[in-house]
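The block underneath contains the structure these notes are about, expressed in structure tokens.
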Amino acid sequence: MSNALLSVQNFSVIYDVDPPVQAVTKIDFELRRGEILGLAGESGCGKTTLAYGIQRLLKAPAVITSGSVVFHDASGDDIDISGLGVEDMRQFRWDKISMVFQGAMNALNPVATIGSQLEDVFEVHRPNMSKAQRREAVVELLDIVKVGGQRRRSFPHELSGGMRQRVMIAMALALRPQLMVMDEPTTALDVLVQREILRQISDLRDEFGFSVIFITHDLPLLLEISDRIAIMREGEIVELATAERIWNNPQDEYTKKLLSSFPRLTGEKGLVKR
Amino acid sequence: MNAIQTPLHTEDYDALEVGTTATTASKGSVRVPWRFLGGRALFYAFTLWAAVTINFLLPRLMKGDAVSAYLARNRNISPEAADGLRALLGLDTDKSLFQQYIDYWSLLVRGDLGVSLLHGLRPVTEVISQALPWTIGLVGFATIVSFAIGTIAGAIVGWRRGSRLDAIIPITTFLSTIPYFWLGLLAIALFSVNLRWFPIGKAYGVGWSPELSFEFIGQVIHHGFLPAMTIVIASLGGWVLGMRNMMLTVLDEDYITVAQAKGMTNRRVLWGYAARNAVLPQIQSFALSIGFIVGGTIVMEMVFSYPGVGKLLLDATNAKDYALMQGVFLVITLSVLVANILADVAYAFLDPRTRQTGA
Amino acid sequence: MTAPLNIITRSTARSRFGAAFAMFRNRKSITGLSILGFFVLVAIFADVLAPYSPTKVDPTARFQAPSFEHWLGTTHIGEDVLSQVIHGTRGVIVVGFLAAIIATLIAIIVGVISGYLSGWRSEALSALTNVFLVIPGLPLIIIVASMFDNPPLFVIAAVLGLIGWAWGARVLRAQTMSLRNRDFIQAARANGEPLRRIIAVEMLPNLMALIAASFVGTVTAAILGLTTLSYIGVIPVTTYNWGTILNWASAQGAFRQNQWWWYLPPGLCIAAIGVALSLINFGIDEYVNPRLRSAGERARAMKKKGLNINDAVTAVRTNTTTKETR
Amino acid sequence: MTLLEFDSVTKVYSVRGAGQIKALDDVSFTLESGQTIGVVGQSGSGKSTIAKILTQLETATSGEVRLDGRPIPRHGSGLRRYRQQLRMVFQDPFASLNPYHSVRHHIERPLRLDQVVPRDELKAEVRRLLERVQLPISAADRRPHELSGGQRQRVAIARALASRPKILVADEPVSMLDVSIRLGVLNLLSDLQREEGLGVLYITHDLATARHFSNEIIVLNQGRIVERGTADDVILRPSHPYTQELRAASPDPEKFFASISDAEGGAR
Amino acid sequence: MKLVSTVVAVGLAATLMLTGCAGSGAPNSSGSGAALTIAKPDGAITTESHNPFLGDSSASKYSYGKVIFEPLALVNPTGDLNTTPWLAESVEWSDDYTQLVVVPRSGVNWSDGTEFTADDIVFTFDMYKSGTITDGAGLNVTDVTADGDTVTITFGNPKFTAQARVLHTPIVPKHIWADIADPNTDPLTDEGLVVGTGPYVLDNWSTESVTLKANPDYWGGELAVPTLNYVSYGDNAALTTALVSGDADWAQAFIPQIQDSYLAADEENHFLASPTSGAGTLFMNLQTKPFNNPALRQALAWTIDRQAYVDIAREGASSVIWSSTGLSTLLDDEILPEYKNENYSVDVDKARQVLTDAGYTWQSDKLIDPDGEPVSFSLSVPSGWSDWNTEQALIAEELKEGLGIDVKVDQPDWGGWDAARQEGTFQAIIHWLEDTGNAYGLYTSTMDPKWIVDNKAQFNFGRYNDPAVTEALNTYAATSSEADRAAALAVMQKAFVTDVPAIPLGSHPLLGEYNTRNYVGFPTTDDQYASADPTQPGVLQILTKLKPVN
């Protein structure tokens, strides 16, 4: 138990429209401290709903209909996320769990400097920090992700896609959260940039020890970076195992089908067949 | 090519991204969007030229003779005096159109707009300078108030979509489809004639002259309230609707979700993120609507006996007082251009994307 | 052999027809179109509908309040206000539509061409558009209209149209520029489609909603312009329109004397037609940008279910079973 | 005779504020009937510029493109004949079909434009083409938004095939599609290529599918060809550092897990 | 003083506020009596110019110049049509009306204290003679001489028909105007230039109102009204509203529904329409069809209802003209005996008879002229002239009903109307007459070719041209013999009766609305010593006659 960061049990989300859509059904899993958990599946499989749902970031008409999400804080407290009020939830967010979003161009406010968007986080969550301290922290964060503190005054449109994604990572790192949820953070990027950012995430994880939930449809990529992978289909986790196990010995038919959708890069020409 | 900081970032090599990822921005001072403003300046110069040229041509296309009209208005002047008047006004010349155009420009540059037949042969500049402050005061104030109220209301209506506040939209839309003058006439009939809350138009009371005193300012406010409110009410709808629609679009943007995920308060998300972005297109349409609004308010001056340029223009047109007509049209156009420039500058400083320094 | 082919072409024709009118197929547009249609019918059948000639003078029935003989009362010389309003519809509708047709044609030509072209030609057309946008329209119309002694309706419409096209052109230009780089236009070009066909068949249908919106907007502007100009007497029209009636009413002191039957109906008619046109435009807006409609509806629907669209925190409903509420 | 020659083509764009940018720098290659060439590189490497020049959406700054030994005519019926023989499948199936027109319209247009079949056979030809891309005939009267992404891309392929071209240029044809259907579309392309003897230019950033579906691969970097050769040579034995970097960056679980087990094995 | 007035003003404002009618608390109103507000409907007073010689200066346009600069004498355009010497002790015309002998009033000072002398009169008329002032009124001064206490002004042509023009010339102080470079255009806005002999002096000028104070040293004695405000409203409707609400006291305006909207609002509200020799007249284009046929003109004269013009179109602010000579009742003595009882009336049968005799026919109720063409014409009046616009509608209806003539109601803008009437391209218009205070006005306006210069008509729009009548008109204007004048008048009247060159509808009155809440003594129907129009020179007489209400 002490090794667990997040326990999700019997977690269901519906979109309460007419007729209601069951997006995520009775999910159980446990996220360990410091682990990278991959969440794979095709579009519409519910992986994003799950990742957003556990931090209650889904907007109405999404409703959590069952289950519990318990966050095992480093301080030893267990926080029942489903039970938090609006204000507690607001304070909990980003402090304990932060996010890196897909498409960093749209995820950054186009009319504010990246510095001010980073400072925002401290203003809200660390009201005791002075202006100078905030600025210092921002410069430090930008240096950590190798954007460089001097870019504090840049606007999002002045940065390249890779840079913007780094800024997002810096932002996610700001409060030294224990969990980072990454929603297709590299999909829009070129392969070289993607590799560079993944390396950075990995390094940061080693340095700061946060856990990661990594969402993507790119299974080969996930296999390389994840400790464990959950394969989702139609709102359910069909298989959850270590990356190696998924690769070498997939159990579920759907997992096998997914794996065989990717041609081999090296080795014998043809598809991955399991 | 872009200044590349570290060879590590391979994406900086990216040839086609150069145009968009340009940045040299790390210096301290506020960057002035010169390129954007320069482009606008060029456009304004062109518009100014076009306006002046239209202005020059219009009266020359019109029929009717200023002097005969003048004589007919002043029946105590005998027809024999007409030639003398023509000579006085310089209307007896027989120059080519091009020469007239050149002369027109050279006079314009010297600030000479001619003399107004309708106003005792006083210089047009003097006539207009009496009237212009009132128009700018009334229209400017009403427009800005309307824009501010409408935009703020639109932001709130957009944020609280689906609530009872949605009813504001049809109401303000209905009000904005009513002609300004009709609303003004109704307002006078109700508030001035029947209820006697407000004076029947004019800018300030009888026997006053402009001075800096509380009583006078009170007078101006008292007299200006009804026309200003009429303009505000009639033009509010567009701003509310525009802002609300823009809010609905912006609220779906990722950065709003990010802001909420960051644990920002709703107030901060609404004003700092959503409204801050949604207001940009509003400012652009503000700039473009000024001409339209000014047109509508001209009629208000007639209804409210307000001493502005609108009434001047109507009278000048009726009396074929070309010099005054041209002057007023030019001044109105210039004011609209200046308002546009101000809106553009505001836009340029509010939207960092206009601040691209080039390379 | 030909029979089934016919059926198919007819069905596609119908679906195309349907597609072209999809933007009007919502409650707002339909309401707006109904009101507008009502006024159009009134304009067409004015002669039949009006109980009197609008200029029929009756010195014995001056300033009469509404009565059975005169549903909307009479004017200062005993003219029947209802008949004037009915006949006035004609001028309003004719000028509004004619001006909008002229303006929309110019807007399409200038907007689409400047959007499709690039380089200085496009910039020049764009600058022209912006000049017409920035130059205050009404003063210009006042000056231009005064050039005519007694301008016929179509001249007024032409002037209003010539001055009112810029907004539409600007919107169409922006949309054309974005369409120009869409893949399906590129595909048509790569397939070797001729330019006129690309514009007429590939682009225009996708611009229809915007064209309709700009048309409707120009009708509104033209009607407001016409009534305003008629009211201030810049356009002396011998045939009645609502602005002329208001001019008379104002000049004869109807506002002061609370002869509401004289000044309310024409103003309300202007407002009604304005509301109708706004409704049509709302409908088109919502068709172009479904978010506009769905946002409110969605929020209301959610409210019924006890959800708030602005809640940044996902609602939890574990205690009550959702089965019951269904 | 060589089907298509892309001969020393250079394309220079002038970008406002950034001066001139060479999107293609002296690029040459040839394409034969029945052959698939994969063009790989990062975005901005010039891949799409090749497609644009081939379809004559852009003209080359210098160099020449020859089809059957003849340079591309500038305009008129010659250009149309050239275009008839070279068709393109675009990246985004949601954008490459006109939302206003039915599927039938999209497929019929090239048939009519190039007068491929007599008028009274149009309907049959549409049916044949739809069958060819494994779509039911009922799809003909649908409009694009009623179809899934994969179906749309099939329509786009049918449209490309309609004029019976000799060459198909496929610019990232599956990158916008869901992973599980990507192979289906690529396999379809590959089947068609084989059956119709098409020359295919397959533009992609995905090394794995490039290797899988191409005979030859060209690696582009900053508008220049840095490496070319047979698919396996380029992918398995890259000689240029850029290609090596690209390959190293591409996910390769096979090698990854092999290296892990090697390391573990070694450690043990 | 300044302090006191401010205190008074604040107190006044406070009182007004308390009584709930916060309105115009003029800061400068001195305590001794209520101000009188004179209003016009001409839009804002945008340009400051106190030059009385300039037709469009603010002083002329809003007419406050008339209470600053006084004329030699006042000619009453109504009532007894008398001449009252004003700045002159006496004025006397030579027999042929080419010379005016003036005895200046003594004991008059300019408002800056300088004495008014014969030199000032000489100087004023000298400006016309020398051309430093544009001779807009066509005075044609050839000589001005002062001889002791008399001034003799000689004119180049007889002034019988233009006496008022001469006598109403504002007299200005030589000691100030001698230094003014261009008297034509100088706005007199510099300090100390607005100096007159009149009852009021300029106090405050703003675009919203002009305030004048009573001249304490006025030669005519003490004035009841301490302060005059001149204001201008955007249009007639706004002016009327102001009159009804009491914001304005005195105006010259045509008020629609005057009984209900103005007179009924307060019993102290009064309205006086003073008939003049001028008249609202239907001009027809005699040169072209259909009005080149006198029978049709005559038929119109028998059909158009003048009473309806007065009652409906003019709302009573006029008096009917039925006389076939076209002269109004004011000029009754000038009507020749043989026409004394020759009056038109609404007699459609008679009109039809006239037409039938002239060869006109009817086809399904449409009038067909002898050439076989249906008769129709358009009747033009500028839009916005609401009384005459109404009359257009009435005439159209009457002619359609009575004679089967299709009348097109045409309401062009002023410019187009003006061009058409000058160039003779109209068919029928309603127009005013040149007012000479006698019968000559009507006949010169309708039959005198002198108005047509360069083929542009200033009057006589129908372009009547009969050499005998022209000669008579010239004789009338130039002769010094009463008998010659009477003979000439007979020629004109006869021609007018037979040819019907125009149809006067109703006398064109001078209007005045005023209230007697604070002051009495205005002209009334019984005592028309002047018109009640505050923009006329007669305002001087009225202001000196006003008395406070108890």
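A, B, ... follow the sequence lines: proteins, then strands. Residue 1 opens every chain. Excluded from the calculations below are hydrogen atoms, water molecules and symmetry mates; all remaining heavy atoms, backbone and side chain alike, are included. It should be emphasised that the depicted structure is a prediction, and the values quoted were computed from it without experimental measurement.
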What heavy-atom pair brings [X] and [Y] nearest, and what distance separates the two atoms?
| X | Y | value |
| --- | --- | --- |
| Tyr100(D) | Asn206(C) | CB-OD1, 4.0 Å |
| Ala187(C) | Ser96(D) | CB-O, 4.2 Å |
| Thr55(D) | Ala190(C) | CB-CB, 3.9 Å |
| Gln91(D) | Asp183(C) | N-OD2, 4.3 Å |

Should we count [atom1] of [X] as having more than 12 external heavy atoms under 6.0 Å?
| X | atom1 | value |
| --- | --- | --- |
| Arg127(D) | CZ | no |
| Arg197(C) | CZ | yes |
| Arg182(D) | CZ | yes |

* **Option in Arg159(D), Lys52(D), Arg109(D) with maximal non-hydrogen atom pairs under 4.5 Å from chain C** =>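 Maximum pair count with chain C is reached by Arg109(D).
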
* Test item: Glu202(C) and His105(D) side chains (from C-beta on) under 4.5 Å apart, heavy atoms ->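 They are in contact (side-chain heavy atoms under 4.5 Å apart), so the answer is yes.
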
* Asked: Most heavy-atom pairs under 4.5 angstrom with chain D, which of Arg182(C), Gln186(C), Met203(C)?
  ->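 Looking at each of Arg182(C), Gln186(C), Met203(C) in turn, Gln186(C) comes out on top.
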
* Measuring heavy-atom distances to chain C, does Leu113(D) have an atom under 4.5 Å in its side chain, in its backbone, in both, or in neither? ->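 Only the side chain of Leu113(D) comes within 4.5 Å of chain C.
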
* Can you tell me how far CG of Leu57(D) sits from CG of Asn181(C), rounded to the nearest 0.5 angstrom? ->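 It is 10.5 Å, given to the nearest 0.5 Å.
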
* Judged by atom type as modelled, is there a donor-acceptor pair below 3.5 Å linking the side chain of His101(D) to the main-chain atoms of Pro205(C)? ->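 No, because the side chain of His101(D) does not come within donor-acceptor range (under 3.5 Å) of the backbone of Pro205(C).
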
* Might you work through the side-chain contact (heavy atoms from CB on, under 4.5 Å) test for Asn191(C) and Arg87(D), ending with a clear yes or no? => CA-CA 7 Å; Asn191(C) 284 1; Arg87(D) 281 289 145 108; 3.3 Å; yes

